[in-house]
K.L.:
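Structure provided below as structure tokens; questions to follow.
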Amino acid sequence: MRFATLAFLFDEAYKNIKRNGLMSIAAITTVTITMAILGGVDYSLYRVYQVASTLPSKFEIQVFLKTNATRKQTLALQNTIQGMPGVKTVSLFTKEAAWAEMQQEDKERRTFLTADVPGNPLPDRLDIKMKRPQDIHPMCLTLRNSARFPWIDTVKEDNETLNRMMATTRLIANLGIVIGLFLLVASAFVIQNTIRLTVYARRREIRIMQLVGATSRFIRFPLILEGFFYGCLGSLLASGIVLFAAEQFSNYVRAFQTPISEQLPQEINPFVFVLGMMVVGMLIGSFGVFLSIRRFLKRV
Amino acid sequence: MRFATLAFLFDEAYKNIKRNGLMSIAAITTVTITMAILGGVDYSLYRVYQVASTLPSKFEIQVFLKTNATRKQTLALQNTIQGMPGVKTVSLFTKEAAWAEMQQEDKERRTFLTADVPGNPLPDRLDIKMKRPQDIHPMCLTLRNSARFPWIDTVKEDNETLNRMMATTRLIANLGIVIGLFLLVASAFVIQNTIRLTVYARRREIRIMQLVGATSRFIRFPLILEGFFYGCLGSLLASGIVLFAAEQFSNYVRAFQTPISEQLPQEINPFVFVLGMMVVGMLIGSFGVFLSIRRFLKRV
Amino acid sequence: MIEPHWIRIFRIVKQLADRRLLNLRMIDLKDLSVVYSENRSALSHVTLHVEKGEFVFLVGPTGAGKSTMLKVLYREECDIQGMVKVMGFDIPSMHPRDVPKLRRSMGVVFQDFGLLPNKTVFENVAFALRVIGAGRREIRSKTPEALDMVGMTHRCDAFPNQLSWGEQQRVAIARALVNRPSLFIADEPTGNLDPDTSMGIASILEDINSTGTTVIVATHDKHIVDALRKRVVAFNHGCIVRDDPNGRYDIEEKPQVS
Amino acid sequence: MIEPHWIRIFRIVKQLADRRLLNLRMIDLKDLSVVYSENRSALSHVTLHVEKGEFVFLVGPTGAGKSTMLKVLYREECDIQGMVKVMGFDIPSMHPRDVPKLRRSMGVVFQDFGLLPNKTVFENVAFALRVIGAGRREIRSKTPEALDMVGMTHRCDAFPNQLSWGEQQRVAIARALVNRPSLFIADEPTGNLDPDTSMGIASILEDINSTGTTVIVATHDKHIVDALRKRVVAFNHGCIVRDDPNGRYDIEEKPQVS
Ligand SMILES: Nc1ncnc2c1ncn2[C@@H]1O[C@H](COP(=O)(O)OP(=O)(O)OP(=O)(O)O)[C@@H](O)[C@H]1O
Ligand SMILES: Nc1ncnc2c1ncn2[C@@H]1O[C@H](COP(=O)(O)OP(=O)(O)OP(=O)(O)O)[C@@H](O)[C@H]1O
Ligand SMILES: [Mg+2]
Ligand SMILES: [Mg+2]
């Protein structure tokens with residue numbers, strides 16, 4: 001295509017947008033709202049997923065040492081475990097701390113059990129966290145090897161918390177994908193419908209252009225540019241809305257001081273988010289025009 | 001209006017829908033999708049709210065009796081409390097059960113505390129649930145009146161669970177309302193945009209009718225009927241989609257066997273849901289036409 | 001809608017009185033100007049009176065302002081200066097609610113026909129009756145009658161885009177005639193018809209004029225103007241340049257080109 | 001788009017050969033029928049040949065099939081039976097991709113003008129040049145020229161809905177002329193013009209015909225047909241009833257009504 005023609009087609013798209021005020025506004029607001037819903041829901045789902053996968057448990061494996069293990073042996077064991085592959089943290093819960101906690105609990109519960117007990121009968125305890133949930137079980141098996149770890153009495157796996165967490169994150173992840181995809185398709189459909197109506201309103205013009213000898217490409221190009229522009233601008237506005245709402249939401253949740261509020265870890269990179277939204281919007285917009293216009297171009 | 005005219009206007013709306021195939025389909029699918037998203041999100045939010053507000057805690061107030069209270073006195077107290085206003089359930093956790101539980105726990109924790117204790121030092125306990133969360137605190141104050149309840153030793157309020165629950169449900173409820181309203185407005189906007197485009201595509205026809213002497217009412221009525229129909233049919237389809245998805249979702253969650261899955265209590269009455277959706281859809285549809293058409297009728 | 005019933009009745013009675021009893025002119029224009037932009041005016045200072053029952057041809061070169069003139073009469077063009085009274089309605093100060101009433105008592109053939117594309121020929125013609133609230137029986141008897149007058153009965157189930165240009169024009173004429181208006185306005189009603197059909201339409205117009213209907217026709221059709229010898233008002237550049245009670249299309253008798 | 005370059009080039013060369021070297025007829029119809037439904041046919045068994053450089057009037061009563069005939073030529077109506085060749089293109093078997101090429105080498109004045117409502121007069125006329133890929137300089141010189149020919153230069157920034165009917169018609173004529181087509185087709189180009197302007201348009205058509213362009217005009221305008229004395233093809237009920245090399249609008253000399 002010659003440069004003059006190309007310049008003309010761009011100019012054409014620009015004039016179309018300007019001279020069809022009502023339609024342009026309708027298309028842009030529809031794209032904005034739809035993309036805001038799509039982006040908002042996907043953003044939230046991803047956030048919830050992020051939070052859910054970092055939520056679990058103060059411990060994952062509890063290692064009770066023998067009561068006669070010395071502090072030195074305990075510390076040596078802690079070091080050994082810390083050095084093992086896949087381990088995130090190993091924290092020591094000393095028998096003294098355990099005893100103090102129990103006495104406190106006892107007092108609160110008014111059971112007065114500890115009063116009659118001479119000395120401290122409790123063992124030291126090591127709380128282990130692993131890097132990946134699936135490593136927890138193998139780790140336990142290793143630790144239960146009493147030949148290798150003679151001072152270990154019992155190894156307790158936090159099965160319940162673990163399962164719950166794994167199930168929940170799996171659930172959220174799966175649902176998120178289903179809902180996200182559904183919303184994507186739904187948005188594409190709604191935007192496509194709107195664009196189809198704007199093309200429909202111009203069917204006579206398209207027909208005239210054909211009769212004057214314009215090729216399909218010549219007619220299509222400015223309209224696709226237009227759809228591209230709608231998608232672009234709409235997504236940009238939508239990203240703004242979503243990021244603003246997310247900010248407000250974070251503040252709101254933080255103000256609540258619920259356990260969730262302490263756990264809002266990583267942020268989604270806003271740049272990546274805006275970019276993603278724009279790409280999706282532009283694709284839906286321009287492809288929407290492409291699909292809509294076909295039926296009108298078919299009749300040459 | 002005469003009956004013949006009214007019949008004509010209905011016929012008119014019917015023919016419009018039939019003869020503008022593409023526009024009708026576009027309008028109906030947009031309404032369907034938008035209402036499905038609106039309905040789906042609102043439905044889910046309401047479900048989560050329902051679940052969240054029934055989730056909390058096995059107990060809300062724990063009443064520890066004096067260790068020397070007899071079982072008869074305990075039962076009498078239970079009866080008295082059960083009869084007090086605002087109380088939902090009062091369950092007795094006997095000292096025997098408590099002792100057995102403690103021994104079991106002890107064995108599991110390998111602390112061997114209970115072994116040295118002669119007899120059962122624990123008191124009976126009453127677990128009280130209130131009908132409304134806000135009654136919990138006053139109830140505790142009442143029970144702490146030792147003149148009225150001499151056999152009560154301590155009254156413990158489950159503050160943490162309670163606060164957490166109240167905060168979470170409040171959060172969900174507030175967010176739900178904000179999101180629900182936002183989506184309602186957004187859907188109304190998107191549907192209104194689509195309808196505006198279908199009206200826009202017929203602006204010439206509207207103009208011709210005006211020039212032939214049709215009153216605004218005469219022009220508006222079939223178009224509003226059309227919008228009403230789009231809203232109606234779209235919402236109906238959307239309700240179907242949402243109810244079907246909800247069913248699938250419940251099954252899916254149940255299959256996961258997570259703690260949530262045991263707690264899917266009340267259902268939303270599908271009839272009420274469909275009705276609500278239809279009313280909203282019809283209002284948006286017909287009102288959307290009303291607003292869209294104004295600008296075209298303004299120029300007489 | 002919110003005004004009391006009796007005020008409405010009073011207003012209608014007054015209008016009837018204005019129109020019938022005082023025997024007002026059908027059309028009364030004084031110093032009418034239509035200005036589109038500073039340097040473009042479609043009509044300037046036009047004064048014209050048309051009595052009831054007259055038959056008037058508006059002629060003039062293209063762009064002279066004939067269509068604008070007619071648009072003022074049915075109040076499509078309402079951004080005007082000057083006095084305009086049509087059937088007793090005061091066009092510039094008219095309440096929008098009364099506009100349909102004005103238009104229902106006239107029949108208009110638009111230059112672009114203005115047929116509803118989604119309605120069949122029958123429905124298009126019937127629409128003019130629907131609008132005045134006619135009953136089913138009335139529609140069933142009057143619509144075929146009007147279609148028959150212009151010779152379009154055989155195509156009554158066709159949609160406008162399935163008709164030839166001249167056929168559409170005839171349907172538009174049928175629609176304008178069907179509710180027996182007291183004022184008939186036609187913009188170029190024979191522009192796309194062959195001479196024979198044109199003469200047929202001209203004689204229909206003469207017929208309805210003879211039953212008392214006022215007829216105003218803007219036209220370029222020399223033949224029918226010269227054949228009917230009615231009042232001719234010639235426009236040029238938005239001004240009336242000639243008003244001849246038994247006129248021809250041209251002033252001087254040019255020799256026929258043949 | 002996916003066919004190799006050389007096939008494309010071969011095809012184009014062959015078409016050129018067909019059209020130029022073999023010196024084919026401009027229009028070649030044999031036994032053409034257009035049937036809309038069982039009992040309605042717009043054209044039946046029409047055979048017509050038009051040589052390069054001819055000037056042909058199509059006349060006939062309304063609904064005779066003139067517009068349908070023209071629509072076949074620019075392939076708007078393509079549900080046809082029979083043989084149709086226009087400038088060497090075989091209309092019924094034509095690949096959709098080649099249709100723009102056909103239309104670019106002809107200029108068409110549509111009966112409904114077909115102006116783009118969102119473009120100014122200038123842009124509308126320039127569009128016919130854009131379509132053939134004309135450069136900026138070409139557009140700037142040719143467009144005002146064409147507008148000048150029909151006397152519409154002064155309104156070049158107006159939108160079509162701001163023009164009178166006759167002005168729109170002239171813009172449509174300018175658009176059809178602007179890219180100097182080798183076949184000029186006009187459907188009722190003077191239907192809304194006063195006799196003087198009509199004669200002006202007729203002489204423009206005569207001029208472009210004298211430069212070698214083939215001109216085909218469907219018309220009801222007795223004056224210009226009788227004035228130009230060109231070939232007249234008369235239609236009635238979808239058949240050719242007369243083909244007269246130096247004809248008039250009517251067969252017998254009816255006495256002029258005046
Ligand atoms: N909306 C508008 N804006 C600007 N100018 C306009 C507008 N409408 C009409 N005009 C101009 O007003 C003048 C009169 O137009 P009008 O349509 O009345 O002419 P006409 O006598 O009906 O011509 P024709 O015989 O061609 O239909 C024309 O020059 C036209 O260009
Ligand atoms: N899409 C269609 N479906 C059915 N019939 C049609 C269709 N298009 C045209 N016709 C019919 O075909 C016949 C010829 O139409 P055409 O438009 O060719 O007439 P014409 O000679 O151009 O008449 P005019 O002078 O009025 O423009 C008419 O009777 C018309 O009703
Ligand atoms: Mg006019
Ligand atoms: Mg025709």
K.L.:
Under 4.5 Å from any heavy atom of chain B, what part of C:R75 do you find: side chain, backbone, both or neither?
P.N.:
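For C:R75, the contact with chain B is made by backbone and side chain together.
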K.L.:
Against chain C, label B:K298 side chain, backbone, both or neither, depending on which of its atoms sit under 4.5 Å from a heavy atom there.
P.N.:
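The answer is neither part of B:K298.
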K.L.:
Could you tell me which of C:V99, C:I139, C:L116 has the largest number of non-hydrogen atom pairs under 4.5 Å with chain B?
P.N.:
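Result: the option with the highest number of such pairs is C:L116.
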K.L.:
Would you mind checking if C:E123 and B:R19 are paired as a salt bridge, meaning a charged N to carboxylate O distance below 4.0 Å?
P.N.:
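Result for this pair is yes, salt bridge flagged.
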K.L.:
Using non-hydrogen atoms only, which part of B:R207 is less than 4.5 Å away from chain C: side chain, backbone, both, or neither?
P.N.:
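The answer is the side chain of B:R207.
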K.L.:
Describe, in one word, how the ring planes of C:F57 and C:F55 are oriented to each other, choosing from parallel (under 30°), tilted (30 to 60°) and perpendicular (over 60°).
P.N.:
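Taking C:F55 first and then C:F57, their aromatic rings sit tilted (interplane angle of 30° to 60°).
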K.L.:
Output the distance between atom CE (B:M23) and atom CZ (B:R202), rounded to the nearest 0.5 Å.
P.N.:
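Answer for the CE-CZ pair, B:M23 versus B:R202, is 4.0 Å.
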K.L.:
Are there over 12 heavy-atom neighbours, none belonging to B:Y200, within less than 6.0 Å of that residue's OH?
P.N.:
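Check passes, neighbour count above 12.
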K.L.:
Short question: side chain of C:T213, backbone of C:N209 - any donor-acceptor pair under 3.5 Å?
P.N.:
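Such a contact is absent between C:T213 side chain and C:N209 backbone.
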K.L.:
Name the region of C:F113, side chain, backbone, both or neither, that has any atom closer than 4.5 Å to a heavy atom of chain B.
P.N.:
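C:F113 has no heavy atom closer than 4.5 Å to chain B.
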K.L.:
Name the region of B:E12, side chain, backbone, both or neither, that has any atom closer than 4.5 Å to a heavy atom of chain C.
P.N.:
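Side chain only.
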K.L.:
Please look at B:N16 and chain C and tell me whether the side chain, the backbone, both or neither of the residue comes under 4.5 angstrom of a heavy atom of that chain.
P.N.:
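Answer is neither: B:N16 stays 4.5 Å or more from chain C.
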K.L.:
Does C:Y74 have its ring centroid less than 6.0 Å away from the ring centroid of C:F110?
P.N.:
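Under 6.0 Å, so yes.
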